[in-house]
Amino acid sequence: MAEEAKFKCLRCGHGFTAPYTPKVAEERACPKCDSNSVRRLKEKKDS
Amino acid sequence: MADAGRHPNIELLTLSEVQRVDGYVGNFKVTVLKKARYVDEKECTACADCLEVCPVVKPDEFNLGLSTRKAIYQEFPQAVPAAFVLNMEDCLGNEPIACGKCLEACEKRCIDYDDQDKEIELEVGTIIVATGMEVYDPTELDEFGYTQYENVITSLEFERLINSGGPTEGHLIRLTDRKQPKTVAFIQCVGSRCEKRGNPYCSNICCMNTIKDTLLIKDHWPEVQCKVFYMDIRAFGKGFEDLYKRSMAAGVQYIRGIPGDIYEDPKTKNLILTAEDTTTSELKKHEVDMVILSIGVVPPGDMDNTQQQLTLQRSADGFFLEAHPKLKPVDAATQGIFFAGCAEGPKDIKDSVTQAGAAAARANRLMRSGEVTVEAITSMVDPELCTSCGICARVCPYNAIYVDTKKKTPAVVVEAACAGCGTCSAECPFGAITMRHFTDEQIMAQIEAILAENAQDKIVAFACNWCSYPGADLAGTSRLQYPPNARLIRTMCSGRVDERFILKAFKLGAPIVLVSGCHFTDCHYINAVTWTQKRIEKLWDKLESLGIRPERLQLDWVSAAEGQKWARVMREVEQLREAVTAKEIEHTKRVITEDMLKKRTKKVKAKAEAVA
């Protein structure tokens, strides 16, 4: 099931949320600059 | 079809389904499930004695429910083999026998209630995928009233309606009163060329199908008025423009504009269409007796199965993707597999026949030679370094690597099936696989040469052979301006770009590394590009953990036609490069060297412990 995840563009620095399905490879692009250097921001686990 | 059925070298397996495909070009093993027909197809002469006595009445699927069939029937008039089939789900005569009338009526004793499905194993050299298409279901388009108003039908239903072998024996009637309509409206592009509903692509065949239908109407029933509502008429084939002109000359009215809604007069059951004629900007109402929705085509529902069985690629529209649109238009990316007809995209009969001929010729060329010449870019396994972990086999898009992880035998590459993407080599954690002509040493040497002088001024860019490299080439031949300090390293696929290449570049002082490949839907190695993305995502995490800004590793998908994009990416990446300081580069060099040393020490220790 697709869930929402936070992404950050490593080209322009734009942060955004987009649907994300674990283990499913999808082509992603930054909605602002159209770069494909889009990194999913993983939530840090509380220690 | 009849010719194929009679041909001594063609074995037709009807009522059959492919269950499994193993092997590779020249050595495919195909498991087929031949479903029970319950009628001996060799003995049955389609005399129809059984049909006359069968009491079951069901909607006829071939005539789209516009007529009925029996439980025992011939699927369509020209079916090959010309034998009946018994649909056991509809039949009353099985377990316990409650009917059995067909059995009694059949003089030749062709009917066998105990017939069973059979599994057949075939060994074949090549495979041609001709799985066809389905038509778009326009029910979701409320404004056209399909299924709401009986006199709104689809172009395929109309096709059956006016066919001489169809439910009305070729008489044009409308469904509510069974009278000949006086005015017929065709609406084009239903389910096609729409981003929001239906499909964004042009279905290719609908315009000419409508023109043909209008000519048929005008030839047989000249008094019937025809109106065609369209966006554009795409009559681009040989002789098609003439046909279009003939249709206009015959009095068919072409109105440029798609009706916004349709409603029915409850008394007359006539349909009222509201549409703007965009050539005159006039909004008009049109009252017609019958509306025909010119529906588009869609990929068949079971494409996923076929795709998995044959390791095929699909384009964004859902149809199968050819290996190369210009140079290999009927070949699949997997060697020995070819496409014919609408499996590859919407096309008319002429194009389907042309493609089928080409596919047969391509297959024949392979089969006649009896051997396959592979490009010298396949992967090689070093059995001494291989630990039989099985990662290479898991990532191979072509299933070209066999590893027995239980018996711990080294990986074996089937060279005839290997396409040379290099994903296995990049993913192998033990460096046991390398690629012919794209060896680690060769690529490392290129990185070293690029960064030998003024490393801080360079952008190291890995570009795949099929998309990004030609994209960069196009930018050059189009004389697009972009910074000249990018140094390209060509690999067959971005999947070949090993983590070690990127780390090596950073270690040697590269300020920025760009990895570039095909868009996911264009990947020339099925899904190898997805492994590139996964690897880069892991590397971003690693760089961050080492205190290196992940922004210094860039990723972009650039197609061969995207010269403009390549130039833009290079300009943007150059801006990032300018922001990388000398101090940052020195820090990167140091941490990567330390990390590599740490790993090496760990490895040596582990080896020493193993020996002890």
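Because only heavy atoms are used, hydrogens play no part in the values below, and waters and symmetry mates are left out as well, while side chains stay in. Quick note on labels: first sequence line is chain A, next is B, and so on, each numbered from 1.
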If you count heavy-atom pairs under 4.5 Å with chain A, which of [options] comes out on top?
| options | value |
| --- | --- |
| B:Arg568, B:Lys534, B:Arg552 | B:Arg568 |
| B:Glu537, B:Arg549, B:His519 | B:His519 |
| B:Glu551, B:Glu572, B:Gln554 | B:Gln554 |

Looking at A:Val38, is its backbone amide N or carbonyl O close enough to the side chain of A:Arg11 to form a donor-acceptor pair, meaning the two atoms are under 3.5 Å apart?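 Not a single qualifying donor-acceptor pair exists.
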
Treating A:Asn36 as the side-chain partner and B:Leu555 as the backbone partner, does any N or O pair qualify as donor plus acceptor under 3.5 Å?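 Side chain of A:Asn36 to backbone of B:Leu555: no pair is present.
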
Compute whether any side-chain donor of one residue and acceptor of the other, for B:Thr423 and B:Arg496, lie under 3.5 angstrom apart.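 Absent: no donor and acceptor within the cut-off.
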
Scan side-chain atoms only and decide if B:Thr521 and B:Arg314 contain a donor-acceptor pair under the 3.5 Å cut-off.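 No, B:Arg314 and B:Thr521 have no side-chain donor paired with an acceptor closer than 3.5 Å.
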
Can you label the angle between the B:Tyr482 ring and the B:Trp566 ring as parallel, tilted or perpendicular, going by 30° and 60°?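 Because their plane-to-plane angle is over 60°, the rings of B:Tyr482 and B:Trp566 count as perpendicular.
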
With a 4.5 angstrom heavy-atom cut-off, is it the side chain or the backbone of B:Asp541 that approaches chain A, or both, or neither?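 Answer is both: backbone and side chain atoms of B:Asp541 are under 4.5 Å from chain A.
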
Chain A heavy atoms under 4.5 Å from B:Val569: which part of the residue, side chain, backbone, both or neither?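 Answer is both: backbone and side chain atoms of B:Val569 are under 4.5 Å from chain A.
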
Under a 4.5 Å cutoff for heavy-atom pairs, which residue among A:Glu26, A:Arg28, A:Lys8 has the most contacts with chain B?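 Among A:Glu26, A:Arg28, A:Lys8, the one with the most close pairs to chain B is A:Glu26.
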
